[in-house]
Amino acid sequence: MAGTFPTPFAHGAARRAAEAAALDDRLGAALSGAIAGNAAAFTELWRALQPLVLRYLRVVCGDAAEDVASETWLQASRDLSRFSGDTTAFRVWLFRIARNRGIDENRRAWRRREEPHEAVYDVGEADGPVARDAALDAGDRSGTEWALRMIRTLPADQAEAVMLRVVAGLDVAGTAQVLRKRPGAVRVATMRGCAGWPNTPRSRHTAARIRRKAADHARFHRP
């Protein structure tokens with residue numbers, strides 16, 4: 001395979017890297033302001049990154065994603081004064097918080113498993129419902145939910161690697177930090193996860209649309 005993915009995610013790797021770099025450049029001032037205690041700057045970070053955090057958590061903890069995303073940002077707001085680093089490091093830090101919160105929620109869900117009204121699913125469980133993403137309109141929602149359902153059928157390590165690398169736009173090193181794995185393990189998990197996707201026009205279009213909608217949401221919802 002020579003290090004490439006025979007899937008729709010193999011297309012546009014350079015563009016994904018460029019989009020992530022552009023996002024980091026644009027959010028540099030917002031991050032500096034947020035660290036200094038500027039509420040408007042923190043809101044800009046939230047508006048730019050919340051769609052990506054929410055989509056990642058929909059794979060990690062299913063129907064509990066919105067609540068866990070709220071907990072993630074609450075912890076980020078409390079701990080941000082102690083953060084040190086650039087916007088790339090901030091995204092890694094934020095997704096690590098999100099992952100830890102998602103793991104905590106899954107543990108709570110297991111303890112509540114016998115209660116019939118609960119509907120929280122574990123990573124990789126294919127048949128669970130997917131939380132609504134308010135950033136998408138009705139047409140985009142169907143394609144995105146289809147993509148997330150596909151990713152949720154993957155083993156947990158592969159699902160998280162695909163989400164962080166492809167949807168969140170983290171590089172291998174950043175994804176390895178979030179998942180607390182070696183970079184080589186991240187590459188293998190991403191490759192195996194991507195190999196499970198059908199190489200069809202719909203899957204290629206949906207993968208591109210997930211990234212595009214997140215970028216559009218960030219651009220059109222600036223303070």
Side-chain angles (χ1 to χ4, degrees), residues 16 19-20 23-24 27 30-31 34-35 42-110 120-125 128-136 144-145 147-148 151-152 154-181 186 189-190 193 210-211 213-215 217-218 221:
R16 291 197 298 273
E19 289 172 351
L23 178 63
D24 285 342
L27 292 180
L31 177 60
I35 292 174
F42 186 83
T43 298
E44 183 174 358
L45 292 177
W46 177 85
R47 286 175 170 165
L49 298 174
Q50 167 70 352
L52 303 180
V53 171
L54 186 57
R55 290 185 186 111
Y56 169 67
L57 287 172
R58 286 169 68 184
V59 169
V60 172
C61 53
D63 209 34
E66 292 189 9
D67 289 341
V68 176
S70 296
E71 294 174 4
T72 297
W73 284 102
L74 181 61
Q75 181 176 341
S77 69
R78 289 197 305 260
D79 297 346
L80 187 57
S81 62
R82 297 194 296 273
F83 171 79
S84 177
D86 60 12
T87 49
T88 300
F90 175 76
R91 288 192 294 127
V92 171
W93 180 75
L94 182 66
F95 278 95
R96 180 180 289 176
I97 293 173
R99 183 173 191 262
N100 290 340
R101 289 291 185 173
I103 290 172
D104 289 343
E105 172 57 33
N106 285 340
R107 288 170 178 163
R108 289 193 296 266
W110 274 110
V120 179
Y121 294 82
D122 298 319
V123 175
E125 187 167 338
V130 178
R132 181 180 183 276
D133 186 343
L136 303 174
T144 300
E145 290 179 357
L148 293 178
I151 294 172
R152 288 180 64 187
L154 300 172
D157 63 330
Q158 296 176 21
E160 287 196 79
V162 169
M163 288 298 296
L164 291 170
R165 291 282 287 117
V166 177
V167 179
L170 298 183
D171 61 14
V172 171
T175 300
Q177 290 181 51
V178 173
L179 300 180
R180 302 182 188 277
K181 294 180 179 293
V186 169
T190 307
I210 290 172
R211 298 189 301 272
K213 288 301 293 185
H217 184 273
H221 290 77

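Just so you know, these numbers come straight off a predicted model, no measurement behind them.
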Problem set entry | Residue list, salt bridge (charged side-chain N to carboxylate O under 4.0 Å, His left out) with Asp67, at least two apart or on another chain | none
Problem set entry | Straight-line distance of Arg91 CZ to Asp86 CG, nearest 0.5 Å | 9.5 Å
For this session: Would you name the heavy atoms of Ala168 and Leu52 that are closest together and state the gap between them?
Result: O-CD1, 4.0 Å
Exercise. With a 4.5 Å heavy-atom cut-off, do Tyr56 and Val167 have their side chains touching?
Worked result: no
Exercise. Heavy atoms, side chains only, cut-off 4.5 Å: are Lys181 and Asp157 in contact?
Worked result: yes
Exercise. Atom CD1 in Ile151, atom CZ in Arg58: separation rounded to 0.5 Å?
Worked result: 10.0 Å
Problem set entry | salt bridge (charged side-chain N to carboxylate O under 4.0 Å, His left out) partners for Arg96, two or more places apart | none
Problem set entry | All side chain to side chain contact (heavy atoms under 4.5 Å, CB included) counterparts of Val92, not counting sequence neighbours | Leu170, Gln177, Val178
Exercise. Between CG of Leu57 and OG of Ser70, what distance do you get to the nearest 0.5 Å?
Worked result: 10.0 Å
Seminar exercise, completed: Looking only at heavy atoms, the pair that brings Leu54 and Ala69 closest together is CD1-CB, 4.4 Å
Exercise. Does the Thr175 side chain pair with the main chain of Val172, one donor and one acceptor, at a distance under 3.5 Å?
Worked result: no
Exercise. Hey, are the side chains of Val68 and Val60 touching, using non-hydrogen atoms and a 4.5 Å cut-off?
Worked result: no
For this session: Check whether any side-chain heavy atom of Leu27 lies under 4.5 Å from a side-chain heavy atom of Leu49, and answer yes or no.
Result: yes
Exercise. Taking only residues two or more places apart in sequence or in another chain, which ones pass salt bridge (charged side-chain N to carboxylate O under 4.0 Å, His left out) with Asp104?
Worked result: Arg107
Exercise. What is the distance from atom CZ of Arg99 to atom SG of Cys61, rounded to the nearest 0.5 Å?
Worked result: 12.0 Å
Problem set entry | All side-chain hydrogen bond (donor to acceptor under 3.5 Å, both in side chains) counterparts of Trp73, not counting sequence neighbours | Gln50
Exercise. Heavy-atom distance under 4.5 Å between the side chains of Phe90 and Leu80, does that happen here?
Worked result: yes
Problem set entry | Residues Arg108, Glu105: salt bridge by 4.0 Å N-O rule | yes
Seminar exercise, completed: Rounded to the nearest 0.5 angstrom, the CG-OG1 distance for Leu94 and Thr87 is 12.0 Å
For this session: Search all heavy atoms of Phe42 against all heavy atoms of Ser77 and return the closest pair with its distance.
Result: CZ-CB, 3.7 Å
Exercise. If you measure from OG1 on Thr190 to CZ on Arg165, what distance do you get to the nearest 0.5 Å?
Worked result: 5.5 Å
Exercise. Which residues satisfy the salt bridge (charged side-chain N to carboxylate O under 4.0 Å, His left out) test with Arg78, sequence neighbours excluded?
Worked result: none
